[in-house]
Amino acid sequence: MATKATTAKTNPNNETDLVKALESQIEGLQSDVHALMKAVTERGESKLDQASDAVSDTTQKTAEFANEEVEHVRDYIKKQPIKSVGLALGAGIALALLARGQRG
């Protein structure tokens with residue numbers, strides 16, 4: 001049984017149209033990817049700004065709290081200087097004993 005060899009005939013206009021359609025789709029995809037990247041970047045920047053603001057607020061509140069506590073300690077020392085020296089001496093001795101016990 002003999003078979004006839006057939007060759008596909010292609011129309012140059014169809015190939016050109018196909019290439020143009022593919023180029024158009026690629027351009028559309030590039031545009032979509034660009035828009036997506038921009039949206040992700042903007043959202044990331046927004047989240048980064050929010051995190052930065054939160055850290056800044058927390059840092060400020062912590063500094064204010066620390067300053068208030070330092071003032072409380074100063075007031076206590078002024079009101080009860082002998083007791084404050086005794087507490088400081090006791091804390092120093094306790095720390096020295098702990099440090100000595102760990103070395104030896």
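Just so you know, these numbers come straight off a predicted model, no measurement behind them.
- Remark: the backbone N or O of Glu42 is not paired with any side-chain donor or acceptor of Ser46 at under 3.5 angstrom.
- Contact annotation: the side chain of Gln30 never approaches that of His34 to less than 4.5 Å [non-hydrogen atoms, C-beta and beyond].
- The side-chain heavy atoms of Leu18 and Asn14, taken from C-beta on, include no pair separated by under 4.5 Å.
- Of the inter-residue distances, the one linking Asp53 atom CG with Gln50 atom CD reads 8.0 Å to the nearest 0.5 angstrom.
- Using modelled atom types, no side-chain atom of Ser52 and backbone atom of Leu48 make a donor-acceptor pair closer than 3.5 Å.
- Remark: side-chain polar atoms of Thr62 are paired, donor with acceptor, to backbone N or O of Thr58 under 3.5 angstrom.
- Atom OG of Ser24 is separated from atom NZ of Lys20 by 11.0 Å, given to the nearest 0.5 angstrom.
- If you chain together hydrophobic residues whose side chains sit under 4.5 Å apart, Leu95 and Leu87 never meet in one group.
- With a 4.5 Å cut-off on side-chain heavy atoms, Leu22 and Gln25 count as touching.
- With a 6.0 Å radius and a threshold of 12 heavy atoms from other residues, nucleotides or ligands, Leu36 has its CG atom above the threshold.
- Of the charged side-chain nitrogens involved, at least one lies within less than 4.0 Å of a carboxylate oxygen, so that Glu71 and Arg74 count as a salt-bridged pair.
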